[in-house]
Amino acid sequence: MSADQDSFVAWATTCQARLLRVATLLTGDHHRAEDLVQEALVKVAARWQRLHDGSPEAYARRVIVRDNISWWRRQRREVVGPYDVEVTAPAPAPERHLLLRQALGRLTPRQRAVIVLRYYEDLTEAQAADVMGVSVGTVKSQTHLALRRLRERAPELAELLAEEPPP
Amino acid sequence: MTETRLRELLHDLAEDAPPAALRRVEAAWHTAHRPRPRRGLVVAAAVGVATVATSVVVVQAPWRDDPVRPPGVTTATPTPTGSPRPTESSGPPDSRYHGVPVWWAPAARDDATLPELETGIPPLIDLSPSQDVLRPGERALAVYQVAGADERLLRLVVLTVDGDTRELPAGRIEPNRDEAGNSARLLHLSPTGDFLAISQPGSLEVYDVASGDWTSIDTPDWVAEGARWIDDHTLWVPDSLEDDGSGSTYAPDGRPLESAVRPGNPSLAVSPGDTSYSGPVAGPEAALAGSYFLQGPVRGGPYTNPEGVIARSGDATSILAVGAAGRSKVCCPVVGWLDAETVGFTTNGRILAWRVGSDRVYRVAQTTGVDPRTEFVTADWAAQALR
């Protein structure tokens, strides 16, 4: 293996599990998440000489987020999860995973992306906007819409999903 | 603190993901650095109809290049050209998926030797430059968009119902991009092929195939790619790509309509986890067919989560599993119903036909005249004109 290939393999081996977790949260589909990660790794590999001294993981994350949104748009498909959440009693902790997963499935890809980037990846609004290739205003509005839709779809999680006033 | 708890829950969810397969790292490197021309050949061959964009098919998941032939495939033996006889028998399904019979499609390497099926589609569809220009009065069966590697539109080629290919001058058309600059859907051919709507970032350009006239319909920015034909005289444009619940309707000449009709959203999903990527397309007597990622597990083949063409005709639903060797992701968008029993779909630059509820797969047509190293093709079909 060349030195470039060695360094790429070392980097990818280290970060691919993180990327897969992000992609799985974005898609709700482990198999498609694997495809997204693999495509991102290929794109990083193709640009490795330019990326390896910079932030290849940030680039890979950007590819995953944008490819996922673009894919759904090209297919003209609205993401609608399979379940209606009708339970209103407070959910015990193990059920919260399922409820949140189902509620995330009700979001559009862009709304889902802002939730994952802001609350899982802990990116700022500006950083999330850069990853998604949209304005900060769009990130704000999509975050608001996404949290509202999550509250509607999973009222048992409302306490987790309240929007806090800006500092 | 609520945000903290949401973060914790998201992290818990993320930890549920199975561990990544480490062997794919080196596969990614080799995919990225394999000789480009040969890769391009595969890519272009994989380009299909409907809305498959090049970035989707450029990377073929290398771990799916499984040479194992699905069991039960019986379609590799060539037979004389001509429509299959109605008495041809079908083998039993290879498996069942939530009770729905599944047949596995042949491996891609066998596509060229499948028996031919005569349909209204010519066996060769020439997309090369220097076509005769489409004349008013000719009727469209399909329209192909040929784009360069930089996604610049090179030409629009119309396949007419007479089997000819014509160029539609498209000087007014720009590449369509979404708000983030990504390539977006361009073509929307009406169900009978009388009108072609082309998405632009802030408008729909509608071509009247009969008269040769263009009409421009202004739309809010970025939403035109979500346009749909409700019927041949009603074009629906969503208010937002994020929400299909509201929108505006227009006549093909651009007149706003007061119609409250909204596009339907039928589903053929067999399992809640099945996700559509093409169709569903309506056929005779309320039949539907569409292309899906199947959640699985689907038995009887080399993979448990293949893609599948799902068809419903009457009370019967059946699946052709197509995620086998040599086919890329989003491999097989549905073209439409070729007759009451047969669904056409594209794969690797070919149109194949599946006799629903059976193991019978046929070769219908192949596209030519595209430089696989530099040109990429997408298309849209007039579903009602096919049959």
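Quick caveat, the model's predicted, so the values are computed rather than measured. Throughout, protein chains are lettered first and strands after them, A, B, ... in sequence-line order, and every chain is numbered starting at 1. Below, each value reflects all heavy atoms present in this structure, side chains not excepted, and no hydrogens, waters or symmetry copies.
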For A/Ala45 and B/Ala28, which heavy atoms make the closest approach, and how far apart are they? CB-O, 4.0 Å
Do the non-hydrogen side-chain atoms of B/Leu13 and A/Leu104 ever get within less than 4.5 Å of each other? yes
So B/Trp29 and A/Asp4, do their side chains get closer than 4.5 Å, heavy atoms only? yes
Measure across A/Arg118 and B/Arg7 and return the closest heavy-atom pair with its distance rounded to 0.1 Å. O-NH2, 3.5 Å
Please classify the contact of A/Leu41 with chain B as side chain, backbone, both or neither, using a heavy-atom distance under 4.5 Å. both
What part of A/Trp11 is in contact with chain B, defined as an atom under 4.5 angstrom from a non-hydrogen atom: side chain, backbone, both or neither? neither
Checking A/Arg47 now: which residues fulfil salt bridge (charged side-chain N to carboxylate O under 4.0 Å, His left out) with it, not counting sequence neighbours? none
What distance do B/His11 atom NE2 and A/Tyr120 atom OH have between them, rounded to the nearest 0.5 Å? 5.5 Å
Region of A/Ile115 that comes under 4.5 Å of a non-hydrogen atom in chain B: both
To the nearest 0.5 Å, how far apart are CD in A/Glu121 and CG in B/Leu10? 10.5 Å
For A/Ser141, all residues meeting side-chain hydrogen bond (donor to acceptor under 3.5 Å, both in side chains), sequence neighbours excluded: none
For B/Leu6 and A/Leu147, what are the C-alpha separation, side-chain angles and deciding distance, and is it a side chain to side chain contact (heavy atoms under 4.5 Å, CB included)? CA-CA 11 Å; B/Leu6 177 57; A/Leu147 290 173; 4.1 Å; yes
